[in-house]
Amino acid sequence: MLQLNTIREHKDEVLKGLAKKHFAKAEEIINKIIEADATRRQAQKDSDNLKSEANTISKQVGELMKAGKKEEAEVVKTKTAELKEKEKQLGELLAEKEKEIQDLLCLVPNLPNEKVPAGKTPEENETVYKHGEIPTLHAAAVPHWDLTTKYDLIDFELGVKITGAGFPVYKGKGAKLQRALINFFLDRATAKGYREIMPPLMVNEASGFGTGQLPDKEGQMYHATIDGFYLIPTAEVPITNIYRDVILKESELPVKNCGYTPCFRREAGSYGKDVRGLNRLHQFDKVEIVQIAHPEKSYEILEEMKEYVAGLLQDLELPYRILRLCGGDMSFASAMTYDMEVWSAAQQRWLEVSSVSNFEAFQSNRLKCRFKGADGKTQLAHTLNGSALALPRIVAALLENNQTPEGIKIPKVLVPYTGFDIIN
RNA sequence: GGAGAAAUGGCAGAGUGGUCUAUUGCGGCAGUCUUGAAAACUGUUGUGGGUUAUACCACCGGGGGUUCGAAUCCCUCUUUCUCCGCCA
């Protein structure tokens, strides 16, 4: 959520930023916000003045009663009737305008950083880095959904029986490989100074709002309606919400947390190759890294997080590229996003395995996550997060790229975690 | 699931209808003293709205109500604690 101050004082820059994000009704909504804000402030002032007057009268009544002048007190009391009526009306106007402003603010996406390219579609994303050789596979090479069946690693149909499409069952070495990857990612993150968190997998509405899933992206999450809880679509939600309504000390920044969780996504609308096998699931595993940063340091930290994730891909010996997303392809809440994609040799395409973003103060304004500076003033912190990493597409690429006639080779760094170096 | 008790500032903990503009202690910050530190003493110390700045307004778990006036009384929700039941 953008800050009212920013909109009020830097309207032109806000409109320019929103244009880069291809946000359609920017001018109309921003004007409505400014107007409602002006009305609200006037009503606030009027209401405060009435309350002040009423407070004075109440004190008078108190003093008169104490002095035993009951009749005079009764006379003074009657003065408040009109005040109360006016105050009630203003109170209603105030609440109405506050809600209007809040609802409108929720519609406005974050402003992109200057460096974000201006494009609209994924084709216009900027490739900032490429690493690794595109492997050439042997003649009998097949996509991962055939490999998982051949070696009995993942059973998609069994998942359909137990739950539904998109809920795979991992078996034997397939399950062990999941566990190995999770441990490898967590060990790396904690070695890099991230504190490991094991959060709840269901969150309440306030948490969903804090990180921006609610109210507008409600359909993305599974909803346990009886209790009003949502299954988390990413560990970002519970881990970032640790800092909802928190005022940190400046010396505590940056706060670095990581966590492994299963992630649940309802996703709709895709078909065919895009959703085949491990490409898109309703439940998948992911290790997430989250930082709360000083505003002056957040872009430095974004680069550091990007490099960290790139290092993981390098150690897994996967060819990858890093994209800086263009304005039109970025998420609602992000100010700058790097996507990491690995090459999937049998599918002959790039698969997104990580997304590292700086949200600047957009999330923290919703979360009310602040820090107190040396000058004693509180200000909003910046939040950042990234997948490090999402497992399914990593597994897809590992299986496909490393397949040989003898079996699937496991990258060296994982062998201590799997206990085997080949799947055959 | 049943019965009872409770929720107050960073923490502890007073306050049960009228200078509460929230007592006090601890902690934090600044100062005095000191070569420096500790101790002692003095001052200061929440969040949000609003104003050029003051004034001013709101906030005692959340929401609603009674009253001229609510931390205090009433309703409701949430959470915590104690006891009982069930349970991996």
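Side-chain atoms are counted along with the backbone in the values below, which use heavy atoms only and exclude waters and symmetry mates. As the structure is a computational prediction, the values presented were derived from the model and not from experiment. Below, read A as the first sequence line, B as the second, and so on, with proteins coming before strands; counting in each chain starts at 1.
In this structure, A/Asn49 atom CG and B/rU51 atom C1' are separated by 11 Å, rounded to whole Å. Regarding A/Gln44, its CD atom lies at a distance of 10 Å from the P atom of B/rG49, rounded to whole Å. A straight line from CD of A/Gln42 to C1' of B/rU51 spans 13 Å, rounded to a whole angstrom. When the P atom of B/rG18 is taken as reference, atom CD1 of A/Ile57 falls 20 Å away, rounded to whole Å. A straight line from CG of A/Asp48 to P of B/rU54 spans 16 Å, rounded to a whole angstrom. Remark: C1' of B/rC56 and CD of A/Glu87 are 14 Å apart, rounded to the nearest angstrom. Distance A/Leu4 CG to B/rG50 P: 8 Å, rounded to the nearest Å. When the C1' atom of B/rU54 is taken as reference, atom NZ of A/Lys45 falls 14 Å away, rounded to whole Å.
Base pairing of B/rU78: its partner is B/rA7, meeting the Watson-Crick or G-U wobble criterion (both donor-acceptor distances under 3.5 Å).
Of the candidates B/rG46, B/rC56, B/rG50, the closest approach to any side-chain atom of A/Ser52 belongs to B/rC56. Distance from the side chain of A/Lys51 is smallest for B/rA58 among the nucleotides B/rU21, B/rC68, B/rA58. Here the nucleotide nearest the side chain of A/Arg8, chosen from B/rC68, B/rU47, B/rG50, is B/rG50.
Remark: the separation of the P atoms in B/rG46 and B/rA38 is 24 Å, to the nearest Å. Nucleotides B/rC11 and B/rG62 are separated by 15 Å at their P atoms, to the nearest Å.
Residue order along RNA chain B, read from the 5' end via each residue's closest nucleotide, puts A/Ser58 first among A/Ser58 and A/Val61.
Backbone-only engagement by A/Lys372 is indicated by non-hydrogen atom pairs under 4.0 Å involving sugar-phosphate atoms exclusively.
OP1 or OP2 of B/rG48 sits under 4.0 Å from a side-chain N or O of A/Arg370. Residue A/Ser47 places none of its side-chain N or O atoms closer than 4.0 Å to OP1 or OP2 of B/rA58. Phosphate contact (OP1/OP2 of B/rA58, side-chain N/O of A/Asn55, threshold under 4.0 Å): present. A/Arg41 has a side-chain polar atom (N or O) that falls below the 4.0 Å cut-off from OP1 or OP2 of B/rU51.
Taking the ring centre of A/Tyr417 as origin, the terminal cationic atom of A/Arg179 falls outside the region bounded by 6.0 Å and 45° from the ring axis.
Counted by atom type alone, A/Thr234 and A/Lys286 present one or more donor-acceptor pairs between their side chains at under 3.5 Å. No side-chain donor-acceptor contact under 3.5 Å links A/Glu288 and A/Tyr260.
Between A/Arg188 and A/Asp315 there is a salt bridge, with a side-chain nitrogen of the basic residue lying less than 4.0 Å from a carboxylate oxygen of the acidic one. A salt bridge between A/Lys368 and A/Asp245 is absent, with no side-chain N of the basic residue lying under 4.0 Å from a carboxylate O of the acidic one.
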